[in-house]
Chemist: 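Here it is: the structure, laid out below.
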Amino acid sequence: MSFRNFTELELAGESPEFRISVESLRASFGFDFVSIGMTEFVGAPLKWVYSAGATGERHKRIALAPGHGIGGIVLKAGKPMMLLDIDADLDPREYSSYPIVFAEDLRSFCALPLMREGRVVGALLCAFRSVRDSAYETFYRLVESVRSGLCGLDVVADEFMSVGDIAELSFDVAPSATELRHSDITSIIAAQEEERMRISRELHDGVAQELLTVSFLAKRLAHIADSPEAADAASQIDQRIDAIVEELRTMSVTLRPSALDHLGLVAALRSHALMLEKTYGAEIVIDGTMGKRRFDPAYETQVYRICQEAVLNACKYSESDTVRVDIDENDGRLDVVVHDEGVGFDTENPEIKGTGCGLLGMRERAKLIGAELEVRSGSDGTTVRLRAPLGLDDEGSAAR
């Protein structure tokens, strides 16, 4: 038995059978977008490999951990999901948790789990870019047409998840923080960073290390197993542990990247950008003249968090395929610019998405280091500019 869910050719998007099926479904039912997502092995991220009707290549860069995004939710739950009007069915704070919706501007969809040998190994996504009265009927006909299988895979076509079920499996959504006073946010920032660092270290140095020990034991078991079935099971356990360790590392970096402590601001931003590219599909270009230069840890932390929030917002909401970050020193000031060429928003009365405290938190962090934060947005995109005094001491480090 192969340890992989799919062959190398299938994972590379080079199977004529899958490609023909995707094109055929789009033509037969009039969908705007059809895609098949696959996982390399149990617990691995799902990637959209075969697509028809895509607006670009962005969706191919999306990698969804189990429980994240449409593909990840279907993968984790093992049940199909359907939304007929995304704007009406989803809480706006949850909307950004579906990267493919942003990448392809989808408004209604049906997602079906794909199974092999009793395990969910992929997902079929069929969608429209507009809300249609006939959507439910069309999705129902789709379900009936693939109920007997698709490309040698079993299709789960019963027990659709409710909106409540979907919310429980998707990203956690914090309560609205729009009523927090500025002083409240300022007072908890330091405590948040301390707690993030503690949890990050526990994940990396504690839980992840224990799992690596178990992984080593699974590898030994695979070598000494007295039957192919036992060796196969041990190898699959090892692969699943590797996937869990990778997800823990991602969580650890998101909470508090070790690169920020050991390598500095630019290195930490590059590391975070790589994760966001896999999750949201947008290309993140980081450029500037700062290199490996170091500053006071508290100073670097505030600048990093402001950039992190600005880039994340661009990936989630701008619908831009590229986000650019420029970091330079000009006249004794650190000048950071995050720019996208997306849809823009009303900076005076922004639509509340996520927790609603992103811009507020960025401004509070800027105040802590005596920086100016400027946000401009319009039809040509959004630009977030941070001008922070370096306050260099005699040794050339930013003042503490």
Chemist: Rounded to the nearest 0.5 Å, what's the gap from CD on E283 to SG on C315? Could you check?
Modeler: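 The CD atom of E283 sits 11.0 Å away from the SG atom of C315.
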Chemist: Does S271 reach the main-chain N or O of A267 with its side chain, forming a donor-acceptor pair under 3.5 Å?
Modeler: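 Looks like no, no N/O pair under 3.5 Å.
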Chemist: Please check this pair: side chain of H339 against backbone of V384, looking for a donor-acceptor N/O pair closer than 3.5 Å.
Modeler: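 No; zero donor-acceptor contacts below 3.5 Å.
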Chemist: Under a 3.5 Å distance rule, please check whether Y50 uses its side chain to pair with a backbone N or O of E14 as donor and acceptor.
Modeler: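 It does hold such a pair.
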Chemist: Just by distance, do the side chain of S24 and the backbone of I20 share a donor-acceptor pair under 3.5 Å?
Modeler: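 The answer is no, because no donor-acceptor pair under 3.5 Å joins these two groups.
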Chemist: Kindly compute the distance separating SG (C110) from CG (L124), expressed to the nearest 0.5 Å.
Modeler: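 The SG atom of C110 sits 7.5 Å away from the CG atom of L124.
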Chemist: Quick one: closest heavy-atom pair of G118 and M115, and the distance?
Modeler: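 Reported closest heavy-atom pair: O-CE, 3.1 Å.
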Chemist: Please list all pairs meeting salt bridge (Lys or Arg N to Asp or Glu O under 4.0 Å) that have one or both residues in residues 57-72, counting only residues at least two apart or in different chains.
Modeler: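 Those involving residues 57-72 are E57-K60, R58-D321.
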Chemist: Take I70 and L125, measure what side-chain contact (heavy atoms from CB on, under 4.5 Å) needs, and give me the verdict at the end.
Modeler: CA-CA 8 Å; I70 295 173; L125 173 66; 4.2 Å; yes
Chemist: Would you give the length of the straight line joining atom CD of E277 to atom CD1 of I284, rounded to the nearest 0.5 angstrom?
Modeler: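 If we round to the nearest 0.5 Å, E277:CD and I284:CD1 are 5.0 Å apart.
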Chemist: Do R305 and Q302 have a side chain donor and acceptor closer than 3.5 Å?
Modeler: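 R305 vs Q302: no donor-acceptor pair found between side chains.
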Chemist: Under the criterion side chain to side chain contact (heavy atoms under 4.5 Å, CB included), which of E104, R132, R26 is the partner of D32?
Modeler: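 Among E104, R132, R26, the one that satisfies the side chain to side chain contact (heavy atoms under 4.5 Å, CB included) with D32 is R132.
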Chemist: Quick one: which of L312, L269, V323 gives a side chain to side chain contact (heavy atoms under 4.5 Å, CB included) with V338?
Modeler: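 With V338 as partner, L312, L269, V323 yield a single side chain to side chain contact (heavy atoms under 4.5 Å, CB included), made by V323.
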Chemist: Check for a donor-acceptor pair, side chain of S134 on one end and backbone N or O of E137 on the other, with a separation under 3.5 Å.
Modeler: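 Checked: no pair found.
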Chemist: Between E144 and R147, is there a salt bridge with N-O shorter than 4.0 Å?
Modeler: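 Between E144 and R147 there is a salt bridge, with a charged N closer than 4.0 Å to a carboxylate O.
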Chemist: Please examine the side chains of L114 and V155, heavy atoms only from C-beta on, and report whether any two atoms are closer than 4.5 Å.
Modeler: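 Yes; the side chains approach each other to less than 4.5 Å.
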Chemist: At what distance, to the nearest 0.5 angstrom, does CZ of F139 lie from CZ of F160?
Modeler: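 That separation rounds to 9.5 Å.
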Chemist: Considering residues, nucleotides and ligands other than R141, do more than 12 of their heavy atoms fall under 6.0 Å from its CZ?
Modeler: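 More than 12 heavy atoms, drawn from other residues, nucleotides or ligands, come within 6.0 Å of this atom.
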Chemist: Would you please test R387 and E374 for side-chain contact (heavy atoms from CB on, under 4.5 Å) and show each step?
Modeler: CA-CA 8 Å; R387 296 185 180 91; E374 179 185 15; 3.5 Å; yes
Chemist: With side chain to side chain contact (heavy atoms under 4.5 Å, CB included) as the test, pick out the partner of P66 among L46, L75, I73.
Modeler: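 In the set L46, L75, I73, the residue that makes a side chain to side chain contact (heavy atoms under 4.5 Å, CB included) with P66 is L75.
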Chemist: Quick one: NZ on K47 to CD1 on I62, what's the gap to the nearest 0.5 Å?
Modeler: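 Answer rounded to 0.5 Å: 11.5 Å.
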Chemist: Does either side chain, that of S35 or that of H59, offer a donor lying less than 3.5 Å from an acceptor on the other one?
Modeler: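 There is no such pair (donor and acceptor under 3.5 Å, judged by atom type) between the side chains of S35 and H59.
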Chemist: Hydrophobic clusters here meaning ILVMFWY residues chained together by side-chain heavy-atom distances under 4.5 Å, can you tell me if V285 and L386 are in one?
Modeler: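 No, no single cluster joins them.
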Chemist: Would you say V343 ends up clustered with Y280 if hydrophobic residues are merged whenever their side chains have heavy atoms under 4.5 Å apart, either directly or through other cluster members?
Modeler: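 They do not share one cluster, since no chain of ILVMFWY contacts under 4.5 Å joins Y280 to V343.
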Chemist: Are more than 12 heavy atoms, taken from residues, nucleotides or ligands other than E341, located less than 6.0 Å from that residue's CD atom?
Modeler: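 No - once you tally the heavy atoms of other residues, nucleotides and ligands closer than 6.0 Å, there are 12 at most.
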Chemist: Can you tell me how the ring of F6 sits relative to the ring of F18, calling it parallel under 30°, perpendicular over 60° and tilted otherwise?
Modeler: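 Rings of F6 and F18: perpendicular, over 60°.
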Chemist: Which is it for F31 and F128 under the ring pair (Phe, Tyr, Trp, His ring centres under 6.0 Å) test, yes or no, and what are the steps along the way?
Modeler: CA-CA 6 Å; F31 294 123; F128 294 109; 5.2 Å; yes
Chemist: Please test T55 against F33 for side-chain contact (heavy atoms from CB on, under 4.5 Å), starting from the C-alpha separation and ending with a verdict.
Modeler: CA-CA 9 Å; T55 57; F33 179 74; over 6 Å; no
Chemist: Would you say L106 and V131 are hydrophobically clustered, going by side-chain heavy atoms of ILVMFWY under 4.5 Å?
Modeler: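 Looking at the clustering, V131 is in a separate group from L106.
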Chemist: Quick one: pull up CG in D340 and OG1 in T382 and give me the separation to the nearest 0.5 Å.
Modeler: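 So the gap between those two atoms works out to 4.5 Å.
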Chemist: Which pair of heavy atoms, one from A111 and one from P113, lies closest together, and at what distance?
Modeler: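 In terms of heavy atoms, the two residues are closest at O-CD, 4.2 Å.
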Chemist: Looking only at heavy atoms, what is the nearest atom pair of P389 and G370, with distance?
Modeler: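 Looks like CD-O, 3.2 Å.
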Chemist: Between A123 and W48, what is the shortest heavy-atom contact and its length?
Modeler: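 Smallest interatomic distance, heavy atoms only, reads O-CZ3, 4.0 Å.
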Chemist: Has the side chain of S145 got a donor or acceptor atom that lies under 3.5 Å from a matching backbone atom of L142?
Modeler: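 Confirmed, S145 side chain pairs with L142 backbone.
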Chemist: Identify the heavy atoms of V143 and A157 that sit nearest to each other, and give their distance.
Modeler: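 Taking V143 first and A157 second, the nearest heavy atoms are CG1-CB, 3.4 Å.
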Chemist: Specify the closest pair of heavy atoms between V336 and C307, including all atoms of both residues, with the distance to one decimal.
Modeler: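 Closest approach of V336 to C307: CG1-SG, 3.3 Å.
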Chemist: Assess the residue pair L334 and L265 against the criterion (side-chain contact (heavy atoms from CB on, under 4.5 Å)); give the C-alpha distance rounded to whole Å, side-chain angles, the decisive distance to 0.1 Å, and a yes or no.
Modeler: CA-CA 12 Å; L334 186 65; L265 176 62; 4.2 Å; yes
Chemist: In terms of hydrophobic clusters joined by side-chain contacts under 4.5 Å, are V337 and I286 together?
Modeler: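 Each belongs to a different hydrophobic cluster.
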Chemist: What do you reckon, is CG of N330 surrounded by more than 12 foreign heavy atoms closer than 6.0 Å?
Modeler: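 Above 12, so yes.
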Chemist: According to a 4.5 Å side-chain heavy-atom criterion applied to Ile, Leu, Val, Met, Phe, Trp and Tyr, with indirect links allowed, do M82 and Y140 form part of one hydrophobic cluster?
Modeler: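 No, because M82 and Y140 fall into different hydrophobic clusters, even though each may have its own neighbours under 4.5 Å.
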